[in-house]
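Report on one structure; see the data block that follows.
In what follows, every heavy atom counts, from backbone to side chain, and hydrogens, waters and symmetry copies are set aside.
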Amino acid sequence: MSGTSTPKSAGQSLPPPPAAPVTLRINGQDHHLELAPWTSLLDALREYAGLTGTKKGCDHGQCGACTVLVDGKRINSCLTLAVLQEGADITTIEGLGQEGNLHPLQQAFIDHDAFQCGYCTPGQICSAQGLINEGKAHTEDEIRELMSGNICRCGAYVGILNAVKEVVDKKSIALRS
Amino acid sequence: MHNLDAAGHVRGESQYLDDIPVQRGTLHAAVYGSPLAHGKLLSLNLEAARRAPGVVRILTAQDIPGENQIGGIVPDEELLAGSHVHFQGMPVALVLAETEPQARAAVKLITADIEPLPIITDPREAQAKGELIVPPRTFRLGDPAAAWAECAHIIEGTAENGGQEHLYIETQGAYAYPTDGGGVRVHSSTQGPTAVQRHTARVLGTGMHKVEIDVTRLGGGFGGKEDQATTWGALAALGAFVTKKPVKLVLGRHDDLRMTGKRHPYTSDFKLGLSADLKLLAYEVTFYQNAGAAADLSPAVLERTLFHACNTYFIPNVRATAYSCRTHLPPNTAFRGFGGPQGMFVIESAIAKAADELGVLAWEIQRRNLLQDGQVFPYGQRVEDCNAELSWQAADQKFELKKWQAEVDAFNQQSPVRKRGLAVMPICFGISFTKTAMNQARALVHIYTDGSVGVSTGAVEMGQGVNTKMIQVAARTLGISPKRVRLETTNTTRVANTSPSAASATADLNGKAVEMACRELRTRLLRHAAEDLKMNYEGLEIQDEQVLAAGKPAETNWEKLVSTAYWKRVNLSENAHYATPDLWFDQTQEKGHPFAYHVYGTALVQATVDAMRGTYDVDAVRLVHDFGQSFTPGIDRGQIEGGLVQGLGWMTMEELIYNQDGRLLSNALSTYKVPDLYSVPKVLDVEFLETPGHPNAILRAKAVGEPPLMYGLGAYFAIRNAVRAFRPDVRPEFSAPFTPEKVLLNLYAARESAAAPAASQASGAEASVRN
């Protein structure tokens with residue numbers, strides 16, 4: 001007896017639909033790209049716009065490494081098609097703060113040693129900015145719950161929690177005054 | 001001082017393998033893995049894939065110009081399956097296409113005709129059939145057979161632990177280019193550049209000098225890229241070598257999960273003898289390691305299980321035997337702790353079982369048997385500079401163990417449904433590669449004429465902060481600012497014959513080499529200063545970039561010193577070699593002095609179980625850890641927190657499941673849960689135990705990578721104690737991870753069968769519920 005694995009459509013794959021022009025507004029700048037329609041926003045950012053700060057961890061929306069902001073809302077960029085985000089305002093880690101003028105979250109991540117290998121860090125920071133924009137998280141428990149979609153396998157969670165909490169607290173003080 | 005890579009990390013500028021700009025003409029690779037776990041490969045049908053859009057070439061075992069072999073310790077692992085397949089996902093063919101989606105699409109068009117052969121997934125079955133990777137090993141101390149007669153209590157049982165997926169967030173990958181003169185350069189996400197180089201050369205049928213491996217940094221490794229990065233490096237190199245084009249291979253998460261090996265599952269039998277006053281007198285243990293389909297690092301992992309079989313306890317009579325069992329799972333491999341945690345889980349289980357049967361608290365047994373100076377480990381090394389009692393006492397005092405226990409008991413008295421458990425987890429971990437020859441390292445240091453410094457070592461940065469440590473060592477030794485020092489990529493042409501970044505020893509070995517090279521350069525520069533400025537060499541030093549003579553500023557600073565030295569033709573480069581002193585091990589006797597030193601610590605762990613649902617929280621972990629003299633406390637604290645979290649994950653939620661066909665069922669983050677921000681203990685205290693450190697440790701800062709993982713074992717026993725607070729009649733089997741499902745099965749185990757100790761794992765409890 002032989003065990004054989006059979007592909008679903010051996011030799012019959014259809015020619016792919018052609019790539020088409022897509023304009024993405026990323027970090028305040030328009031990028032004119034030629035993309036196949038099924039290109040994820042993550043691949044568009046990394047492979048076509050040359051912005052490799054956003055990381056691919058699982059490509060299934062399960063690790064959070066690819067988190068970016070779309071119109072201020074955090075999103076797993078591997079789970080959305082680039083063409084769906086035409087006209088939206090996309091912010092990646094490269095668009096948060098500048099050299100010598102870091103975003104408060106970036107500074108807080110440094111101050112609290114909120115990473116080890118750094119691979120999940122861009123996603124953590126974008127996710128934290130999204131969390132702040134949502135305005136829902138105030139306590140440590142709320143931050144734990146609402147940041148739990150961003151996996152850090154190095155386990156730098158104590159630092160991540162402290163960093164995010166610090167910026168959330170400053171934000172709420174600023175809002176009250 | 002913070003991690004010097006911080007700025008790049010938070011701005012998304014740190015470059016990982018997949019971020020390297022792609023060269024024009026690069027081909028993208030995808031791997032066709034075996035659909036069956038064991039069988040005879042009769043034929044491969046590649047025609048449809050060859051015709052698929054963008055496909056340039058498909059490589060199989062026949063295309064390998066050299067030897068189709070990547071086995072490190074034992075030559076038993078083919079790069080691409082030749083006549084047989086040995087595990088599901090075993091690489092069989094490499095598709096090279098113009099784009100990555102094209103390569104992956106073409107893989108799906110490949111079919112294989114495989115004649116199925118019997119599949120073994122259980123290590124005990126493999127052992128019974130004589131399927132061993134290497135002959136079994138036994139460590140002995142005293143005479144346990146004779147000691148049983150003296151024991152007041154003898155406890156026997158079984159303990160099982162599951163595997164653990166590394167889940168580095170950056171998947172495996174490599175990017176290879178053909179180079180001038182018929183060689184190949186490989187950017188590899190590996191902890192072991194030399195392993196990739198050696199096996200790539202073997203596969204290509206060329207010398208190691210024609211294969212250059214370069215590593216920038218890793219997005220996590222944890223052992224999973226120690227030996228198992230070799231496959232992907234060698235495959236990319238094979239593609240580049242054959243096609244003369246750059247070839248990039250990055251595994252998708254699914255492929256990474258199903259094609260790579262994990263932490264070894266073990267199943268073990270123990271027999272523990274105690275005196276009437278709870279002294280451990282004799283211990284016999286047999287470990288069955290599930291090695292998977294090839295040796296990989298399994299024999300070395302097995303050895304470390306034996307080294308740590310008694311954890312931090314002195315037992316005068318020991319016989320520990322270990323079998324490395326060949327099954328048809330992906331070859332299991334290194335994972336932080338490297339067999340040590342598996343060994344420790346068994347002795348801790350034995351102690352917990354003794355506590356159950358004798359009606360005492362486990363920590364009453366633990367604390368009576370801690371190692372002391374002058375005793376001997378079962379492998380013959382004398383116990384020296386022992387901090388077992390010191391760390392226990394410090395933890396006891398700081399965290400008030402008895403008071404805490406009383407609080408837990410009081411809570412359980414008044415809480416009918418939520419129950420708490422407290423466990424103490426002391427550890428002792430040996431530092432060094434257990435293969436003595438690997439305890440060597442080299443560093444190449446260049447001082448450039450502007451006073452900046454480039455340092456190359458064999459250390460790979462993977463989040464453990466070794467780059468920051470190496471820069472610190474260089475800057476301190478030279479007396480200059482860390483800003484002047486750059487840590488270069490890890491490259492086999494600059495530092496050759498490296499040991500992998502593993503065994504917690506990377507900072508010690510490479511740091512010592514950096515220190516030696518920088519000392520030599522400092523001496524050379526100061527001799528030049530003495531001559532140039534007509535000063536007495538004795539009493540010259542460099543501090544904060546200023547040359548001091550007898551403590552007072554001399555007429556020169558670092559930049560001037562370097563510049564004038566160049567013009568006087570002083571050699572401003574140095575290559576240093578370090579080998580850890582006094583290490584030896586005689587495998588024929590299983591005795592020696594394998595470790596440079598040991599790291600100790602004690603953790604107190606509290607868990608709360610919801611007895612309605614079986615869910616639990618690990619509420620608090622408070623620990624005292626022996627850091628020696630830490631010079632990067634931020635980084636070292638991070639290692640403790642991260643190691644602990646991985647250990648907690650392994651003991652609680654991370655459940656790796658293969659079916660009997662050898663297929664991985666927990667094949668995504670949706671089915672394999674790892675700790676998230678929510679699962680970290682709300683109370684996590686890390687206290688630094690001030691100890692003198694050890695001269696073999698870099699700047700007397702003890703190694704910190706692996707030891708903290710084993711604090712996580714405390715969570716298992718804390719949960720178990722909480723379960724027993726709800727059901728004192730139940731004695732949960734020792735089967736990690738203690739998932740909420742297993743907790744629930746124990747909480748509601750049938751009354752009559754619950755008290756009977758069962759030999760098998762969770763299935764026993766499951767059966768008793770169904771009855």
Checking [X] side chain against [Y] main chain: does a donor-acceptor pair fall under 3.5 Å?
X      : Y      : value
A:Y157 : B:P675 : yes
A:Q116 : B:G638 : yes
B:Q646 : A:R153 : yes
A:Y119 : B:G220 : no

Check whether A:D141 gets within reach of chain B through its side chain, its backbone, both or neither, counting any heavy atom under 4.5 Å. both
Please classify the contact between A:L102 and chain B as side chain, backbone, both or neither, with a heavy-atom cut-off of under 4.5 Å. side chain
For A:F115 and B:A6, which heavy atoms make the closest approach, and how far apart are they? CZ-CB, 3.4 Å
Residue [X] versus chain A: region with a heavy atom under 4.5 Å:
X      : answer
B:Y678 : both
B:P101 : neither
B:K40  : neither
B:L167 : both
B:H166 : backbone
B:A105 : neither
B:E165 : backbone
B:E100 : side chain
B:T171 : side chain

Do other residues, nucleotides or ligands put more than 12 heavy atoms under 6.0 Å from the CZ atom of B:R622? yes
Flag if over 12 foreign heavy atoms under 6.0 Å of NZ, B:K673: yes
If you count heavy-atom pairs under 4.5 Å with chain B, which of [options] comes out on top?
options                      : result
A:L96, A:D111, A:D43, A:L161 : A:D111
A:P122, A:S148, A:G159       : A:S148
A:E140, A:H103, A:Q98        : A:Q98
A:M147, A:Q106, A:E94        : A:Q106

Sorted by chain and residue number, the side-chain contact (heavy atoms from CB on, under 4.5 Å) partners of A:D30 (sequence neighbours excluded) come out as A:T23, A:R25, A:H32
In terms of heavy-atom pairs under 4.5 Å with chain A, which of [options] leads?
options                        : result
B:G463, B:G642, B:G252, B:P681 : B:G463
B:S670, B:G8, B:G465           : B:S670
B:L684, B:V680, B:I169, B:L218 : B:I169

Tabulate, in ascending numerical order, the residues of [range] having at least one heavy atom closer than 4.5 Å to a heavy atom of chain B, or enter 'none'.
range                       : result
residues 47-74 of chain A   : A:T52, A:G53, A:K55, A:K56, A:G57, A:C58, A:H60, A:Q62, A:C63, A:A65
residues 125-139 of chain A : A:I125
residues 75-92 of chain A   : none

Are any of the side-chain heavy atoms of B:L677 and A:N150 separated by less than 4.5 Å? no
Does the side chain of A:R46 reach to within under 4.5 Å of the side chain of B:D19, using non-hydrogen atoms? yes
Within this structure, what is the [atom1]-[atom2] distance for the pair [X] and [Y], rounded to the nearest 0.5 Å?
X      : Y      : atom1 : atom2 : value
A:C120 : B:E170 : SG    : CD    : 12.5 Å
B:D5   : A:I110 : CG    : CD1   : 11.0 Å
B:H9   : A:C117 : NE2   : SG    : 7.0 Å
B:E13  : A:I93  : CD    : CD1   : 9.5 Å
B:E641 : A:C154 : CD    : SG    : 12.5 Å

Would B:D676 and A:R144 pass as an ion pair if we require N to O under 4.0 Å? no
